[in-house]
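Notes follow once the structure below has been shown.
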Amino acid sequence: MDLGGLNESQRAAVCCIDGPLLVLAGAGSGKTRVITHRIAYMLERGIRPESIVALSFTNKAADEMRERLARMVGRRAGELVLGTFHSLGVRMMRARPEDFGVPKKFSILDQGDVYGLIRSILRDEGIHFAGADRRFDPGAIVQRISLWKNAFITPAQAQDPDKIESDYDEVAAEVYGPYEERLASLGAVDFDDLVCRIARALKSSDAAREYWQARFSHVLVDEYQDTNKAQFEVLRELVGARQNLCVVGDDDQAIYGWRGAKVANILGFDMYFPSAVTIKLEENYRSCAPILDCANAVIVNNQGRHDKVLLPQRDGGEPVTEVLAEDGPQETNWVTSRIRQLIKEEGVPGHAIAVLYRSTRQARSVEERLQEHGLAYRVLGGQAMYDKKQVKDALAYLKVLIYPTDEIAVRRAMNVPSRGIGGKSLERLLAHASAQRLSLMEAIHRCDDVPGIGGRPADGLRRFSELVRFGQSRMYASGSAALALRELLDRVALRDHVMRELGSSEAAAHRWADVERLLASVERFEQRAREAGQRRARWNEFFGSMTLERDKKDAGEDAGARGQVTLATLHSAKGLEWPVVFIIGCEEGIMPHKRVDAPRISDAIAGDVEEERRLFYVGITRARDRLFLTRAAARFERGRQVKCLPSRFLEELPEAVTRYNISTEESLTVEKIESMADAFLAKLALAKEAAASEDKRRRGAARR
DNA sequence: CTTGCTCTAGTTAGG
DNA sequence: CTAGAGCAAG
């Protein structure tokens, strides 16, 4: 294998395949190359692909890795165990459910399902909190439970009065137990279970541990700084005494502490694995020196970190520019017209430009302006396709057709569009179902037998029951679920329902397009199953992938092809790069965000300024050639004009940064100041000279 | 049970 | 200022 294209430390990281290895990969240091070369190298050394596990945090990263490897090693790439922690969890649970205490056919709840579950528990349990006349955001509760689960804190431990610091902690602790019970009774797991149940089982069961340790020989983890306690435990148990564990990450880019990631995992790697080798990748091939100077200058202000620095490998580069606007509109105006100038006058393609911001709401004003300029853009992140309501509604109908026993799907479908079936009716149905040992769907089919149900709800139930029967008969007759689903959705007029829910027809059309995409993907899936000669499509796989995978952008639809400017939060920009980057809103309160800096608010989870600094650092290191940092002196907030101070991180930037004030059009650089000084001195010298010659002349005149 | 109005709170995000 | 949730009336 040719390792010639790699530098010395990269080569070392590729070739050190046994034992624990920590690769500290600075931004832009060729991390992905190292990972792919390393796996190819391992294959070359005769390690079986199916015993190599390579984990990352997003499906996108995993797909990219797989593609690159396919190019390097061909079809063997397909035999690697390559994916996210969660996909590994699903894989292990599906293979040996008995190891992990889950039913053979467990279902995976997505965020929306979990929210619904928490809401219904809050309602049922509501009496307990009658004293507190507060509303509780299910999101904050879900987040706490998730953090607890990933830290192996049981419902009982969560109720420890010493640990409870706010009423949110209290409510969440109260909900936690019932939540776990409901999951069990639904035969379902949530995303957190996919990791922490694996960790628990491997710890407690010798048989499970031995089996899985024998199955996997080498483990590699990307973005290791983002791992949490549960993920760390999975890794530790999986690699066993051999400790063939290679972790790649950058503590300076740890920006997910708020969702439970433990920087300690990377900072203390050699404490957990004393024989660990550490390799630093510090050469940066991405950005020009002025940008890296900024990055280095900012990040040194953090305390707990591995000592390293980004070494520029590219020549030249123009100074980083700090831009001051009077207010928000002026800031976005300036950014968008600068973008327009770059594209129209300087020939920079749109996809080479990104606007980054701290919080999603900041995107809107930029979007509006870009639209006015007629510039194409895309917004990164946002809601996943499968998380959108209409898609989930359609998906629920599909599940009802294929798995009528799926209670979650039935509950969802039965009231979309609303058929007049409320909580009371559902309660009666469920009671009847469990008494008669029926599934919810069966109970609905026989709703006339259910005591206490009549009138409007009964009508709605009968209509729903008939609808499902219709759909199923169409499915059996045609042999295609996609076709049956299409007819079913037609009949319920889901499209009209979507249109009605959203006033504007444009927004509705947009959302309906997502449903069309779902239908298309169902069709493709069935098509593939037919081609593979399966008697029945493996719907389990389909639904599993719908829950686990965010929508993949259709090939050719990416930003590059359409020359779109990218809008992204600093979080979702991680791992990406652009020639030109704007970071907007560089102000105290936005970045660092006020919820982080403020003295711990009782119902907020304490954040930390160092993480905000790392976020800023991530933003800076996204830029290849040019970087603009903008801020406004004042903003409209909640209808009021508020003064804004520059972010403390701006003060940490080196002197060489250009400072530009939009209103006064003043632009000052060190070079400018120097050249101004030169000019001044030259003038001075000239004046002196003139004065001297004048003097001479005068003296001469006087002599004469 | 649904609809429409009022009130309130207001990071970041992935599987 | 807005979106989403809660509440009261139909």
Side-chain angles (χ1 to χ4, degrees), chain A residues 55-62 83-90 108-111 114-115 119 122-123 126 133-140 142-143 146 150 189-196 223 226 228 230-231 255-261 328 356-365 380-384 386-387 415 417-426 455-457 459-460 500-501 544-550 568-575 585 589-598 601 603-605 607-608 611-612 614-616 618-619 635-641:
Chain A
L55 299 175
S56 57
F57 274 82
T58 62
N59 287 306
K60 195 164 155 257
T84 61
F85 273 95
H86 297 88
S87 70
L88 176 71
V90 175
I108 304 166
L109 298 193
D110 61 35
Q111 198 69 18
V114 171
Y115 266 55
R119 258 196 219 105
L122 273 177
R123 258 199 301 279
D133 51 10
R134 283 193 52 191
R135 294 211 295 257
F136 292 94
D137 169 22
V142 171
Q143 189 186 22
S146 167
N150 280 296
V189 298
D190 62 19
F191 282 125
D192 300 317
D193 285 323
L194 295 178
V195 178
C196 60
E223 303 283 10
D226 291 337
N228 62 27
Q231 287 158 337
I255 55 175
Y256 286 110
W258 52 271
R259 67 179 201 208
L356 308 183
Y357 37 82
R358 176 63 235 264
S359 66
T360 41
R361 52 167 43 175
Q362 291 173 268
R364 185 192 282 197
S365 62
L380 234 57
Q383 231 181 2
Y386 76 84
D387 245 355
N415 237 347
S418 53
R419 295 193 176 83
I421 309 153
K424 270 280 172 302
S425 311
L426 179 62
R456 196 148 62 151
D459 276 352
R500 238 177 298 123
E501 261 190 350
S545 68
M546 277 308 282
T547 309
L548 282 176
E549 289 178 31
R550 297 173 68 87
T569 61
L570 290 163
H571 283 95
S572 53
K574 191 168 76 156
I590 296 182
M591 195 178 53
H593 196 277
K594 53 177 174 287
R595 298 258 311 240
V596 169
D597 192 31
I601 305 161
D603 57 3
I605 289 171
D608 103 54
E611 183 156 307
E612 297 286 304
R614 292 193 289 265
L615 199 51
F616 187 51
V618 166
R635 274 178 205 284
F636 255 109
E637 227 170 82
R638 299 179 214 176
R640 308 208 61 164
Q641 184 91 3

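Hydrogens, waters and symmetry mates play no part in the numbers below; they use all other heavy atoms, side chains included. Please read all numbers here as calculations on a predicted model, not as lab measurements. So that the names make sense, note that chain A is the first sequence line, chain B the second, and so on, each numbered from 1.
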Thr569(A) has a side chain; which of dT12(B), dG14(B), dT11(B) sits nearest to it? dT12(B)
Indicate, with yes or no, if the rings of His593(A) and Trp258(A) have centres closer together than 6.0 Å. no
Here the distance between atom C1' of dG14(B) and atom CG of Leu55(A), to the nearest Å, is 15 Å
I want to check one thing: is the phosphate of dT12(B), taken as OP1 and OP2, less than 4.0 Å away from some side-chain N or O of Thr360(A)? yes
Rounded off to whole Å, could you give me the CG-to-P distance for the Leu570(A) and dA13(B) pair? 9 Å
Could you check if a side-chain atom of Lys574(A) sits within less than 4.5 angstrom of a side-chain atom of Thr58(A), using non-hydrogen atoms only? no
So, do Trp258(A) and dT12(B) meet the stacking rule of ring centres under 5.5 Å and planes under 30°? yes
Closest heavy-atom pair and its distance - Phe191(A), Asp110(A): CE1-CA, 3.9 Å
Same-atom distance (P) from dG4(C) to dA13(B), integer angstrom: 16 Å
Atom CZ of Phe616(A) to atom P of dT11(B): distance rounded to whole Å? 21 Å
Students often get this wrong, so: under 4.0 angstrom with heavy atoms, is Phe85(A) touching a base, only sugar-phosphate, or nothing? nothing
Please report the distance, rounded to the nearest Å, between NE2 in His593(A) and P in dA13(B). 11 Å
For residues Leu570(A) and Tyr357(A), determine if any side-chain heavy atom of one lies less than 4.5 Å from a side-chain heavy atom of the other. no
When the distance from NZ of Lys594(A) to C1' of dT11(B) is rounded to whole Å, what number comes out? 9 Å
Would you kindly give the CZ-to-P distance between Arg635(A) and dT2(C), to the nearest whole Å? 16 Å
Measure CZ/Arg614(A) against C1'/dT11(B) and give the value in whole Å, please. 16 Å
Measure from the side-chain heavy atoms of Arg364(A) and tell me the nearest of dT11(B), dA3(C), dA13(B). dA3(C)
How would you list, by chain and number, every residue that makes a salt bridge (charged side-chain N to carboxylate O under 4.0 Å, His left out) with Asp192(A), sequence neighbours excluded? none
Taking the six-membered ring for Trp, does His571(A) stack with dT12(B) (centroid gap under 5.5 Å, planes within less than 30°)? no
Between Asp192(A) and Arg358(A), which is nearer to the 5' end of DNA chain B once each is assigned its nearest nucleotide? Arg358(A)
Taken to the nearest whole Å, CG/Asn228(A) to P/dG14(B) is 16 Å
Considering only the C1' atoms, how many Å lie between dG14(B) and dA3(C), rounded to the nearest integer? 23 Å
